[in-house]
Every structure is written in structure tokens, then in C-alpha cells.
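Because the structure is a prediction, the values reported are computed rather than measured.
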There are 2 protein chains.
Amino acid sequence: MTKHTATTLDYALLGLLCQSPQSGYDLRKVFETTALGSFSSSPGTIYPALGRLEQQGLVEGQVDSTRAMRPKKVFRPTKAGRKTLTEWLSRKIDRGDVERRTDELMLRFAFHWMLDSKTLTRHFLESFLSEVEDYLGELTRQRKEYPEDGPLHPRLALVAGIEQYRASARWARKAIEEFKEEGS
Amino acid sequence: MTKHTATTLDYALLGLLCQSPQSGYDLRKVFETTALGSFSSSPGTIYPALGRLEQQGLVEGQVDSTRAMRPKKVFRPTKAGRKTLTEWLSRKIDRGDVERRTDELMLRFAFHWMLDSKTLTRHFLESFLSEVEDYLGELTRQRKEYPEDGPLHPRLALVAGIEQYRASARWARKAIEEFKEEGS
DNA sequence: TCGCACATGTAACGTGTTACATGATTCA
DNA sequence: TGAATCATGTAACACGTTACATGTGCGA
């Protein structure tokens, strides 16, 4: 029950378990076969992480008793686990998140269906967009201030970043539209 | 001199020192004020990293003797250091790089000016583009196979990823044009 | 003289990476 | 019988994060 700060992987696991209870092995397959791959690699990370979550009382695992031999420990989130996850989902987005943790933000967004609230999702997208636009301003300024005679490659790398964030901004604007309608 | 595997931060430091010799404090400011911020935060990371690089003989630091009191250790890359860096710059790009280390790839590209070879840079961009297109195919397939009745948010998160990689692909195509001309 | 920017470091801690270890079940 | 897949873990290691420690020089 000790209060530890959870890592991105912890939240990813928690989120997946909220979708459907499953074993460590099942979770590994999800990471291997989907775009979530960037959040974990292998047994050495995932099993200890599940153990930690269990110790903290965020998930509970029970050995599947139907199959006698060949144990399989199926984990499901506890009430505290769900609360921790939703707290994370609704956490305020800051500059650091968009600067160096965009992937984590997208993970958060993916799990937002749990909240089942168009308002909260819209709010998430709007503050995401606002931070992205802010940061885009900063990047654009940096590109403008880049010395004319400086090497070409760093400038292009900067442009690559700008284009990526522009793409994120466009995506967010479009997504906001999808959550504009009234209702749940 | 022991052979250790270098981290991204190590290469970032090495690359910056190839641009101009400077102190740990100077380097920290670079990380704080530019888009490179995602690669380091603070003294606790950067000074130990410099120490490691020095032990491995990749950089050498000498205390600025002009200022009597108030020491300032200026680092510059050794020949081995430059070699390590260029080896990294010309390393083959694989799927894992585009899947989970795009930022590192952009860092590599930024330092490509050191190689001073349009051919190598073009080659870098072409294989980057090819891997990105490959991965885009995979992501698109995942989106198509996503169940119709599945939750909306994960699908949108997937689309966000797709759009980001599309932006990268567009950027790469444009950049390749800039390195098409004959010369150096 | 008060505080800020300069300038360099160390220590504890946790976590990801990599590699290894173990054994059951299924299928060719 | 051998290989691949299912299924869960442990151990060594290094790195990043965070917080702390220390002291100089300069400007208000």
C-alpha cells in the first residue's frame, strides 16, 4: 500500500487491465503486436511491474484454477487501481508533457474512453492543443533565430520537429470536433 | 578505454562538443534553451556522463587556466570520440529506431553536417523514409483491423501516430530534395 | 549585504535493459 | 523426439531522476 510514484508502464498495464483482466503473458503479447510496443519490451520489465502494482494494491492477481497444471495468473484492477488511473487520465497537461512525453499523452488519451465523458475528453484535447501551439511558437522562434550561416542539418532537424507538432495540432483540432456534440 | 555502450546522451554531448569545445555548464544551458531539452535535464546526469566519456577516452577536459579562481573545465572530443560519433551517425537505421527512437534519429540527423557528405545524408534520409513508410503500412493495417465497435479513443490515438509518421515522411521527402544536387 | 547566475559535483533510489532459468503443452 | 509456443520469473548492471552540497563573482 506504500505510496510510490507510478511509471508510464504502470499506467499502461493498469489501463489494459481495465479493458479486460489478463495475465502477464497476455499483456506482453499486446505490447508486442500493437503500437503500444514503445512502452515495454519484455518479461524483465513487465512481471516485476505487475508485482509492484499488486503490492501497492492497485491490481490483484488470482491463479486461474480451471487449468490444474500450467498456472496462469490473471490480474484485474482494484478500486484503488481504477482511481489511480483516472487520476492520471485527468491530470493537468503541462509544457513538459508535450515537450518530452507526447507518447505518454497519447497513451492517456487512448484510455480516456474509461472516463466516458465527452466534456473531459474535450478538455484534455483542448489543453493539449493549447500547449502544443505554445510550444510550436517557441520552436518557430528558434528556427527564425537560427543563424543564416549555421549548418543546414540542425535547422532541418528543427523543422522536422515543427512539422510533427503541427501534425499533432491538426489531429487535435479534428479530434475536438468529434467530441463537440452534446451527450455523455 | 574500456568498451562501454554509449547512451543517447553520450552522443548528444559528443556531438555538441564537436561543434565547439565547452564546459558542462555550457552544455547544460544548451539543453535548457534549445529543443535538445528532451535529452537531458540536469547536473546529476550531465557531469557523470562527461566523466564517463573522459574515462573512455572519447573526450578530454582541461581546466581553463586563464581564470585563476573559479575553475571551468572545457571538454573537447578526442580522435576516438569523433570516430565513435561518426560510427553512430552512419549506423544502419532499423525498424526499432523509427518505432521508438525517432527523436534519437533526428539527433543523429542534426549532427550529420559533420560528415560533410551529401551522399551519406541522402542515404540516411532514404533509409529513414523507407522504414517510416514500412511502419506506416503496419499502423494503417492496425487501424483497418481495429474492431468497428471498439472504443473510439484508442483508434484516434492510433490515427495520431499515423499522422505524425506521415508528417515525418513528408519531411524526409522534402529534405531528400535538398541533398539531391551533385557536390561534396 | 542580499540574492542571483556561474560552476561543478555526489548520493540514494528506482527502473529499464539484457540475459538467463525453468518447465508444461502442443504439433509435426 | 524435437521444436515452437505458452507462461512466469530472477539477477546483474547501468543509467536517469531527484535532491542535496559547495563555493565564487557580480550587480542592486
Side-chain angles (χ1 to χ4, degrees), chain A residues 2-14 21-33 36-56 59 61-75 96-97 99-101 103-104, chain B residues 2-14 21-33 36-56 59 61-75 96-97 99-101 103-104:
Chain A
T2 334
K3 197 87 177 183
H4 273 292
T5 46
T7 66
T8 307
L9 176 60
D10 293 336
Y11 293 118
L13 293 172
L14 221 37
Q22 47 193 318
S23 69
Y25 189 78
D26 295 331
L27 290 163
R28 278 181 61 203
K29 276 192 303 182
V30 175
F31 285 118
E32 270 167 23
T33 56
L36 272 72
S38 28
F39 295 105
S40 172
S41 34
S42 280
T45 334
I46 203 160
Y47 286 107
L50 283 170
R52 284 196 311 267
L53 290 174
E54 197 173 21
Q55 273 195 327
Q56 294 170 238
V59 304
Q62 55 188 71
V63 176
D64 192 341
S65 46
T66 62
R67 47 181 77 196
M69 228 47 238
R70 173 112 88 143
K72 186 179 177 176
K73 209 169 169 187
V74 175
F75 292 92
D97 291 327
E99 271 187 43
R100 35 204 305 186
R101 284 181 295 272
D103 47 350
E104 190 182 323
Chain B
T2 335
K3 198 87 179 184
H4 273 293
T5 45
T7 66
T8 307
L9 176 60
D10 292 336
Y11 292 118
L13 294 172
L14 220 37
Q22 47 194 318
S23 68
Y25 190 78
D26 295 332
L27 289 163
R28 278 181 61 203
K29 276 193 302 184
V30 174
F31 285 116
E32 270 167 23
T33 57
L36 272 71
S38 28
F39 295 105
S40 173
S41 34
S42 279
T45 334
I46 202 160
Y47 287 107
L50 283 169
R52 283 197 310 267
L53 290 174
E54 197 174 20
Q55 273 194 327
Q56 295 171 235
V59 304
Q62 55 188 72
V63 176
D64 192 341
S65 47
T66 62
R67 48 181 77 193
M69 225 50 237
R70 171 110 87 147
K72 184 179 177 174
K73 208 171 173 186
V74 175
F75 292 92
D97 291 328
E99 272 186 42
R100 34 205 305 184
R101 287 181 293 273
D103 47 349
E104 190 184 322

Apply side chain to side chain contact (heavy atoms under 4.5 Å, CB included) to residues A/Leu27 and A/Gln22 and explain how you reach the verdict.
CA-CA 7 Å; A/Leu27 290 163; A/Gln22 47 193 318; 3.8 Å; yes

Step by step, work out the side chain to side chain contact (heavy atoms under 4.5 Å, CB included) result for B/Tyr47 and B/Tyr25.
CA-CA 9 Å; B/Tyr47 287 107; B/Tyr25 190 78; 4.0 Å; yes

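Atom CD in A/Gln55 sits roughly 11 Å away from atom P in C/dT15 (whole-Å rounding). Between A/Tyr47 atom OH and C/dG16 atom P there is a gap of 16 Å when expressed in whole angstrom units. Atom CG in A/Asp10 sits roughly 7 Å away from atom P in C/dT15 (whole-Å rounding). In this structure, A/Lys73 atom NZ and C/dG23 atom C1' are separated by 17 Å, rounded to whole Å. In this structure, CG of A/Leu27 is placed 14 Å from P of D/dC6, rounded to the nearest angstrom. Here D/dT8 presents its P atom at 8 Å from CZ of A/Phe75, a figure rounded to the nearest Å. In this structure, B/Asp103 places its CG atom 13 Å from P of D/dG16, rounding to the nearest Å. Between the CG atom of B/Leu50 and the P atom of C/dG9 there is a distance of 9 Å, given to the nearest Å.
Between B/Arg52 and B/Asp10, at least one side-chain nitrogen of the basic residue sits less than 4.0 Å from a carboxylate oxygen of the acidic one, meeting the salt-bridge criterion. Taking 4.0 Å as the cut-off between side-chain N and carboxylate O, B/Asp26 and B/Lys72 count as a salt-bridged pair.
Residue B/Ser23 places at least one side-chain N or O under 4.0 Å from the OP1 or OP2 atom of C/dT8. In terms of phosphate contacts, B/Tyr25 brings no side-chain nitrogen or oxygen within less than 4.0 Å of OP1 or OP2 of C/dT8.
Each of B/Pro43 and B/Arg52 was assigned the nucleotide of DNA chain D with the nearest heavy atom; the assignment lying further toward the 5' end belongs to B/Arg52. Between A/Ala49 and B/Val74, the residue anchored nearer the 5' end of DNA chain C, judged by the nucleotide with its closest heavy atom, is B/Val74. With the nearest nucleotide of DNA chain C identified for both A/Ala6 and A/Ser42, A/Ala6 has the one nearer the 5' end.
When distances are taken from the side chain of A/Thr7 to each of C/dA7, D/dT8, C/dG16, the shortest belongs to C/dG16. You'll find that the side chain of B/Lys72 is closest to C/dA7, out of D/dG16, C/dA7, D/dT8. In this structure, of C/dT17, D/dT8, C/dT8, it is C/dT8 that holds the atom nearest to the side chain of B/Arg28.
Residue A/Gly44 is in base contact, counting any heavy-atom pair closer than 4.0 Å across all strands shown.
Here the side chain of B/Glu54 pairs a donor or acceptor atom with the backbone of B/Gly61 at under 3.5 angstrom.
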